[in-house]
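Have a look at the structure below before the remarks.
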Protein chains: 2
Amino acid sequence: MSLRYAILGSLSSCPSSGYDLALQFGLGLGWFWSASHSQIYPELKRLEEAGLIEGTLTTVGEKLEKRMYSITPTGIDSLVSFVTDSPNYPPNRDPERVQLIFSDLSSVENVRRHLEAHVRHYIKRRDVERPILDSIADGRHERVQMRLAGKAPAQQAFTILLRELAYGGDIERAELEIAWAQRALRALDEYVRRYPLTDEGKASARSSDSVAVDEHESDDARLA
Amino acid sequence: MSLRYAILGSLSSCPSSGYDLALQFGLGLGWFWSASHSQIYPELKRLEEAGLIEGTLTTVGEKLEKRMYSITPTGIDSLVSFVTDSPNYPPNRDPERVQLIFSDLSSVENVRRHLEAHVRHYIKRRDVERPILDSIADGRHERVQMRLAGKAPAQQAFTILLRELAYGGDIERAELEIAWAQRALRALDEYVRRYPLTDEGKASARSSDSVAVDEHESDDARLA
DNA sequence: TCCTGTCGTGTAACTTTATACATGTGTCTC
DNA sequence: GAGACACATGTATAAAGTTACACGACAGGA
């Protein structure tokens with residue numbers, strides 16, 4: 001049901017078309033909830049039927065139709081009751097970790113690649129989100145500005161605080177992932193130092209050519 | 001498709017019934033991938049048809065039927081190619097954050113409750129996972145022991161390392177969430193100190209009785 | 001004029017996940 | 001012997017999400 005409330009939330013900043021929302025779900029809001037236009041358009045219809053939003057048909061240029069939706073008072077009430085619910089935490093589904101815990105079937109090299117990709121992914125993410133946080137902090141962020149319009153200074157500060165917390169938390173998560181993966185890479189190095197010959201026996205776990213490994217078990221014993 | 005590989009991964013430690021797997025997906029493996037029995041049983045059939053696993057019918061007691069599945073060499077190959085893929089990161093869907101960023105429509109008190117619940121949630125999670133990590137680190141973890149069976153010491157150390165990294169990372173995530181939410185709570189206190197009267201005007205953002213807020217805007221100006 | 005890219009709105013088919021329904025056995029305790 | 005609870009396996013239905021298909025308008029430059 002969160003898609004519904006993400007839409008209501010976005011519309012509580014300013015009226016938008018389905019297209020606008022789809023962009024939002026790909027960019028700003030997309031850091032917290034993703035959705036594609038094929039999910040958004042039907043949901044907008046349902047929301048309008050339920051009276052939570054209101055659409056007006058406008059035209060761009062000569063013929064191009066555009067449906068602008070605004071949130072209704074009922075919609076606001078529904079959104080408020082959503083944010084007032086105690087937070088719910090969906091079941092864990094982390095494909096990256098599933099890969100990692102079963103990667104003992106592959107090689108140290110593979111895990112290294114995995115962790116390096118992890119670092120790159122979260123560095124990218126952090127580097128994209130940091131400027132957004134900055135622009136919120138110093139009042140340049142356009143969509144936040146819209147949300148602030150017509151509100152008292154105290155309310156404005158509250159809105160900004162919450163956004164900073166959300167983006168700040170996301171960036172911290174990214175930084176944790178980077179630090180974790182880098183430490184993991186060092187732990188891998190350490191492992192390879194301790195079991196030097198295993199690194200070459202990459203396929204050892206996959207097929208039964210564990211001869212090479214067995215051959216060097218004495219090395220393991222010596223080093224351990 | 002990760003359900004499929006989570007099942008294969010679990011079966012690569014030891015043969016299991018659908019029931020066993022459902023328990024796993026609720027406990028150990030469930031930290032990384034959740035699934036209910038209604039998803040598992042049909043998937044097991046598909047996996048058997050595809051030749052990735054093999055089921056044998058046994059009986060418990062007199063009549064109670066039990067289907068034990070083992071992973072086949074083809075299944076191992078499939079699993080290895082899964083863990084060898086570069087990690088993929090699913091779209092963001094974080095209902096807690098969606099609530100937070102639109103919580104400026106509710107009250108400081110509501111956000112405080114939200115953050116306190118967040119702290120409790122992740123404290124609980126950390127406290128459950130920490131002993132699991134410990135049991136892996138000192139070799140008491142039963143399912144990890146099964147996975148180690150018959151492997152060379154170097155391979156065993158590799159398996160243990162990966163599990164430690166996975167659980168360790170999860171615990172770090174929990175600790176980050178706790179620290180973040182606690183800092184957020186202090187930031188809320190700070191906000192209330194700066195805008196003292198807004199705290200009482202809880203409903204101000206919801207309805208249009210912003211009179212109370214407007215009345216005290218001079219206070220805001222004075223303090224800011 | 002054509003072409004490309006953005007703007008704009010939808011539907012169809014499929015996969016995945018959630019929730020509930022449905023049934024029966026084994027084991028232990030009161 | 002009855003009842004509670006873990007063991008064990010499924011199906012049905014609906015909701016949510018993904019991917020692809022489908023159409024057309026506008027604006028800009030080549």
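Computed from heavy atoms alone, side chains included, the values below leave out hydrogens, waters and symmetry copies. Treat the numbers as computed from the prediction; the structure is a model and nothing was measured.
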Would you call R46(B) and E43(B) a salt bridge, taking side-chain N to carboxylate O under 4.0 Å as the test? yes
What integer distance in Å separates E65(A):CD from dC26(D):P? 11 Å
dC7(D) C1' sits how many Å from I40(B) CD1, rounded? 15 Å
Ignoring backbone atoms, establish whether S17(A) has a side-chain N or O less than 4.0 Å from OP1 or OP2 of dT9(C). yes
Just checking, is any N or O donor in the side chain of S17(A) or D20(A) under 3.5 Å from an acceptor N or O on the other one? yes
Tell me whether the OP1 or OP2 atom of dC7(D) has a side-chain N or O from Y19(B) closer than 4.0 Å. yes
Of all the nucleotides listed (dA25(D), dG17(D), dC7(D)), which has the minimum atom distance to the side chain of L3(A)? dG17(D)
Measuring to OP1 and OP2 of dA8(D), would you say a side-chain N or O of R67(B) lies under 4.0 angstrom away? no
By nearest-nucleotide position on DNA chain C, the 5'-leaning member of S36(B) and R46(B) is R46(B)
In whole angstrom, give the distance that lies between atom CG of L27(A) and atom P of dT6(C). 13 Å
Give the rounded distance in Å between these two atoms: CZ of F25(B) and P of dT17(C). 10 Å
Strictly by modelled atom types, are R140(A) and S135(A) linked by a side-chain donor-acceptor pair under 3.5 Å? no
How would you label the contact of S38(A) with the nucleic acid (heavy atoms, under 4.0 Å): base, sugar-phosphate, or nothing? base
Can we call the ring centroids of Y19(A) and Y41(A) under 6.0 Å apart? no
L57(B) CG to dT9(D) C1': how many Å, rounded? 11 Å
Value in whole Å for how far the C1' atom of dA16(D) lies from CD1 of I7(A): 13 Å
Is the shortest side-chain N/O distance from Y41(A) to OP1 or OP2 of dG10(C) below 4.0 Å? no
Please tell me which of the listed nucleotides, dG17(D), dT9(C), dT11(C), lies nearest to the side chain of K45(A)? dT11(C)
Is the base of dG8(C) touched by the side chain of H37(A) through a donor-acceptor pair closer than 3.5 angstrom? no
How long is the line joining CE of M1(B) and P of dT18(D), in whole Å? 16 Å
Are R93(B) and dT18(D) close enough that a side-chain N or O sits under 4.0 Å from OP1 or OP2? yes
Using whole Å, report how far CG of L44(A) lies from C1' of dT9(C). 11 Å
Starting the side chain at C-beta, find the nucleotide from dT17(C), dA8(D), dG8(C) nearest to V60(A). dG8(C)
So, T84(B) versus R113(A): side-chain donor-acceptor pair below 3.5 Å or not? no
dC23(D), OP1 or OP2 - any side-chain N/O from K63(A) closer than 4.0 Å? no
Those residues that, when tested against E116(A), pass salt bridge (Lys or Arg N to Asp or Glu O under 4.0 Å) (two or more places apart): none
The residue, E43(A) or G18(B), whose nearest nucleotide of DNA chain D is more 5′ is G18(B)
